[in-house]
Amino acid sequence: MTEDSTDLFGDLFAKRVVPVMVPMPAPKAYSYTVPEGMAVQPGSIVQVPLGPRQVMGVVWDEEGQDAVDPKKLKEITLVFDCPPLKLEMRRFLDWVSSYTVSPPGLVARMALRAPAALDPEPMVEALRLTDMRPERMTDARSRAIAAADNGFAWTRSGLSHAAGVSSSVIDGLTAQGVFETVFMSPPPVVAVPDPDFVPPRLEGPQKSAAEELLRKVAEGGFSVSLIDGITGSGKTEVYFEAIAATLKAGRQVLILLPEIALTASFLERFQDRFGSKPAEWHSDLAPRTREKVWRQVTEGGVRVVAGARSALFLPFEDLGLIIVDEEHDPAYKQEDRVFYNARDMAVVRARIGDFPVVLVSATPSVESRVNGDLGRYTAIHLPTRYGDAALPHLGVVDMRRHPPERGGFLSPVLLNQIGKAVGRGEQALLFLNRRGYAPLTLCRVCGHRFQCPDCSSWLVEHRFRGQIQCHHCGHAEKTPEACPECGTFDHLVACGPGVERIAEEVDRHFPDARTIVLSSDLMGVKRLRLELEAIQRGEADIVVGTQLVAKGHNFPMMTFVGIVDADIGLSNGDPRAAERTFQLLSQVTGRAGRTGLKSLGLLQTYQPQHPVMQAIVSGDSHAFYEREISEREKALLPPFGRLASLIVSAETRADAEGHARGLRQAAPNVSGISILGPAEAPLALIRGRHRFRLLVHGRRNSDMQGFVKTMIAAGPKPRGTISVQLDIDPQSFL
DNA sequence: AGCACGCCGACT
DNA sequence: GTCGGCGTGCTC
C-alpha cells in the first residue's frame with residue numbers, strides 16, 4: 001500500500017529526530033536531526049543552532065513531541081564529551097519546571113551553568129622516574145631522583161619544589177632520559193575527604209542525635225530528617241557524621257548553605273573533620289574553577305560540594321545525601337527567572353534520587369516544624385549547648401517605660417549595659433536591621449518626602465556616602481541641600497534610625513570607645529572578612545550592624561547584644577513576618593555568650609507582650625510555633641475548598657491593583673487577593689522584565705498548579721512577563 | 001532568554 | 001545626514 005511504502009521510504013531516508021531542551025522559554029523541547037554517525041542518547045549534552053547563534057542543550061526524552069515542519073529542522077552541531085544527564089536528573093528538572101510553572105528550557109539551563117568548555121579538561125604533562133640514571137650524579141640530581149622515587153608522576157615545578165632543586169636540574173635529567181614525560185588527568189579541585197580523619201567526640205544529646213541520624217542514613221532510601229538544635233548545640237558535628245557515613249558508602253554529598261553562610265570558617269570546620277575542604281559552588285566562583293568543579297562533580301571526582309541554592313542543580317554522578325543547613329533561611333528562595341525554594345526542591349531531588357535529606361536549623365521554618373510534629377520528617381532535637389558555653393540571659397526593654405532621650409533611639413537601659421560591657425573590656429553588639437542613616441527624609445517647610453522616581457518607595461539617606469538611595473531598585477542620587485519642592489535650604493529632616501545614625505548616637509555617648517559599623521553596603525566581601533577578624537581580635541568595643549552580623553561569625557568577647565528595634569518587620573504585610581522576626585532575632589541573640597562569660601541580650605520593643613518577644617526571652621518557642629501554625633491555617637487555608645490566598649505584586653501599586661482586579665474575575669473562588677506595592681515587591685520584579693509576580697499559598701501542589709495555569713490563561717494578558725511562586729506545604733510534593 | 005529588525009530623537 | 005534608544009517578534 002502506498003501509505004506503508006511512504007512510511008518505509010520515510011524510515012529509510014529520514015534522519016533521526018530527537019527533542020533537545022534549549023535554554024529559552026519555549027513550552028517544550030525543540031526538535032533537531034541527528035547527523036550521520038553521531039551518537040546521542042537522552043541526557044546527551046549538545047550544541048545546536050538556535051536562530052542566529054549556537055547554544056547548549058540537552059537531548060530530552062521522547063514524549064509527546066509534536067511534529068514540526070521538516071523544513072525547519074536543523075542538525076545537532078556536536079555532542080560534548082561529558083557524561084549525559086541521568087534520567088533521575090531529567091525527571092527532577094521536568095518536575096521543577098512543572099511545579100514552578102516555568103519553561104523547561106530555563107530550568108534545564110540551571111544544570112548547565114558551567115560556561116562553554118564542556119569538553120574534558122586537557123591532560124597535563126608530568127614527569128615520571130625511569131630506570132635510567134645520569135652518567136654524572138650530583139647532589140641536586142640525587143635529591144631530585146630520591147624525591148620522585150615513589151612511582152608517582154610529578155609536574156615539573158612540583159618536583160623541583162619538593163626536591164629543593166632548580167627546574168634546570170629536572171630538565172637536565174629529563175634530557176638524559178631519567179624522567180619520561182607522561183600525561184595525567186588534571187589535578188582535582190579539592191582533595192578527597194577522609195571520613196575517618198578526625199572523628200569527633202560527641203557527648204550526651206549530640207551522641208544520641210548522631211546515632212539516630214546515622215540510622216536513617218544507613219537505612220538508605222528516601223527520608224527527611226529535621227535537626228532542630230539551638231545555636232552552639234553542635235548541629236554541624238552531628239550532620240558531619242551523616243556525611244562521613246555517606247562517603248564511606250562511596251556516594252557524593254551536597255551541603256546547601258545560604259550564600260552568606262558559605263564562609264571560610266565553615267570550610268575550615270569541614271577540613272578539620274575530614275582533612276580537606278569541600279568543593280565550593282556559588283555565584284562568584286572564578287569561571288575557570290566553576291568549570292572544573294562542574295566537570296569533576298559530573299564525573300564523580302568531587303565527593304562533597306558545599307554550595308548556595310544553585311548547587312542543587314549540579315548533575316552529580318552519584319548523589320547520596322543532601323544537607324540543607326539553616327533550612328529556614330529566606331535566601332533559599334530564588335526570586336528571579338525560575339522561582340523556587342531550594343530547601344523544598346532538595347526534598348524533591350532526594351525523593352526522586354531515593355536518598356536521605358537532612359534539614360538543619362536552630363529555628364526551623366513553620367512548614368518543617370509541622371512536618372516534624374506530624375512525624376512526616378524525623379525530628380531530631382538538640383536542646384542544650386555543649387561545653388562551657390552558657391546561654392545569654394535575655395530580656396525585653398519596654399520602650400514606653402524606658403524611652404530614649406529626645407532625638408535619640410537607644411533607651412537608657414541599653415546605653416547602661418553597653419557602658420558596663422565596654423567598661424569590663426568586653427564587646428557590645430547593637431543590631432538594627434536597617435541600612436543607611438535614616439529611612440525617610442522630609443522637608444520641614446513644605447512636607448515634601450523624598451521618593452524614588454522609578455519605583456516610588458522612600459529614598460534612604462546614606463550619610464557616609466552623601467547619597468540618598470532606593471533600597472528596592474538601586475536608584476541613588478547625591479543628597480540634595482535644598483528641598484526640590486519649595487527650594488528651602490537647611491530644612492530637610494531625617495526620620496527614623498538606620499545603623500549609621502545609631503553609630504552616631506553611640507559615639508556621642510561613648511566617645512572613647514572604638515565603634516564600628518557593619519553593613520553590606522559599606523564594604524565588599526573581602527573588607528568585611530577583615531573587619532570581622534579585627535573584631536574577633538578585640539579591635540573594636542562596640543559593633544553596630546545590620547543582618548550580616550546575624551550569620552556565621554562568632555565573637556568570643558561579645559557579652560552584650562542589644563536589638564535596637566525588635567519590632568521592625570512585624571507589620572509589613574508578609575504572612576511570615578512574625579516567623580522571620582523570630583528567626584532573625586534568635587540568630588542575633590545567639591551571637592552572644594559562647595565564652596563562658598556571663599552575657600546579656602536585650603530587645604528594645606514597643607510590644608513586650610508580643611509572642612515573638614516572649615518566645616525569644618523565655619527560650620521556649622513551642623507556644624510561638626503553635627500560634628504561628630494556627631495563624632497560618634487561618635490565613636492560608638480559608639474555608640472555600642483548597643484554593644488559597646494570592647498575592648499580586650508589581651512595579652507600581654496601580655499595576656498590581658489593575659491586575660488583581662482581572663484575576664478576581666478570572667478566578668472568583670479565590671479569597672483574599674493581597675496586593676503588594678513597590679515597597680514590598682521583590683527586587684527582581686522591579687529590575688527585571690517580570691512585571692507581575694503572583695505568590696500563591698496553598699496546600700496541594702496539583703491544585704495550585706492547575707489553578708495558576710488556568711488563571712494565567714483566563715486572566716488579562718498584561719505587558720511583560722508574569723512570574724509565579726507557589727508557596728506550599730513542602731510535604732505536598734511527595 | 002537572546003538577538004534581529006524596525007522606527008523615531010540628539011549628535012559625531 | 002547617522003547613531004542608538006527599546007518595542008515587537010522569532011527561534012526546531
Side-chain angles (χ1 to χ4, degrees), chain A residues 10 13-36 38 40-80 84-85 90 93-94 96-116 118 283 287 290 309-310 313 334-340 453-455 473-475 650-652 655 682-693 712 716-725:
Chain A
F13 292 95
K15 292 213 170 129
R16 184 152 84 102
V17 176
V18 293
V20 175
M21 208 59 91
V22 286
M24 50 147 242
K28 45 168 63 180
Y30 275 5
S31 300
Y32 285 87
T33 58
V34 182
E36 203 71 35
M38 179 184 280
V40 295
Q41 51 171 309
S44 292
I45 299 175
V46 294
Q47 192 179 73
V48 290
L50 183 68
R53 67 211 158 106
Q54 292 282 325
V55 297
M56 228 188 266
V58 185
V59 176
W60 220 247
D61 306 83
E62 306 197 32
E63 268 166 32
Q65 206 43 38
D66 34 33
V68 27
D69 179 3
K71 284 196 292 289
K72 274 184 157 183
L73 288 176
K74 291 184 187 171
E75 239 176 28
I76 294 176
T77 313
L78 60 92
V79 190
F80 288 105
L85 288 193
R90 300 197 302 275
L93 297 173
D94 274 335
V96 172
S97 159
S98 144
Y99 174 74
T100 60
V101 204
S102 326
L106 297 189
V107 178
R109 197 175 68 143
M110 299 197 292
L112 304 178
R113 272 319 179 94
L118 278 171
S283 57
R290 191 181 195 77
R309 57 171 186 256
S310 59
F313 292 92
Q334 172 149 79
E335 302 197 319
D336 188 29
R337 299 182 173 101
V338 179
F339 286 56
Y340 67 92
D454 300 331
C455 65
C473 68
H475 170 89
E651 286 175 71
T652 69
D655 277 357
L683 210 64
L685 185 81
I686 292 163
R687 285 216 265 245
R689 291 213 219 145
H690 299 270
R691 294 293 169 76
F692 292 96
R693 185 176 71 145
I712 292 174
K717 246 300 182 269
R719 68 207 155 78
T721 315
I722 306 179
S723 60
V724 178
Q725 183 179 322

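Naming convention: chains lettered A, B, ... in sequence-line order (proteins, then strands); numbering from 1 in each chain. No hydrogens, no waters, no symmetry mates; every other heavy atom, side chains included, goes into these values.
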Q.
Please confirm whether the shortest side-chain N or O distance from A:R109 to OP1 or OP2 of B:dG2 is below 4.0 Å.
A. yes
Q: Return the value, rounded to whole Å, for the distance between atom CZ of A:F339 and atom P of B:dA1.
A: 10 Å
Q) So which heavy atom on A:S44 is nearest to which on A:P84, and how close? A) N-CB, 3.7 Å
Q) When the distance from CD1 of A:I76 to P of C:dT11 is rounded to whole Å, what number comes out? A) 19 Å
Q: Starting at atom CD of A:Q54, determine the distance to atom C1' of C:dT11, rounded to an integer number of angstrom.
A: 13 Å
(Q) As a test of reading the structure: which of B:dA4, C:dT11, C:dC12 is closest to the side chain of A:P52, going by heavy atoms? (A) B:dA4
Q. C:dC10 P sits how many Å from A:D69 CG, rounded?
A. 15 Å
Q: Specify the separation, in whole Å, of atom CG of A:L106 and atom C1' of B:dA1.
A: 6 Å
Q.
Can you list everything that forms a side chain to side chain donor-acceptor pair (under 3.5 Å) with A:R90? Sequence neighbours excluded, please.
A. A:D61
Q: Round to the nearest Å and state the distance from A:L50 atom CG to B:dG2 atom C1'.
A: 9 Å
Q: Might you point out which heavy atoms bring A:M38 and A:L78 nearest each other, and give the distance in Å?
A: CE-CA, 3.7 Å
(Q) What is the distance, to the nearest angstrom, from the NZ atom on A:K71 to the P atom on C:dT11? (A) 13 Å
Q. Quick one: A:R53 CZ to B:dA1 C1', roughly how many Å, whole number?
A. 7 Å
Q: Please work out if A:P103 contacts a base, only the sugar-phosphate, or nothing of the nucleic acid, heavy-atom cut-off 4.0 Å.
A: nothing
Q.
Between A:Q65 (side chain only) and A:A29 (backbone N and O only), is there a donor and an acceptor less than 3.5 Å apart?
A. yes
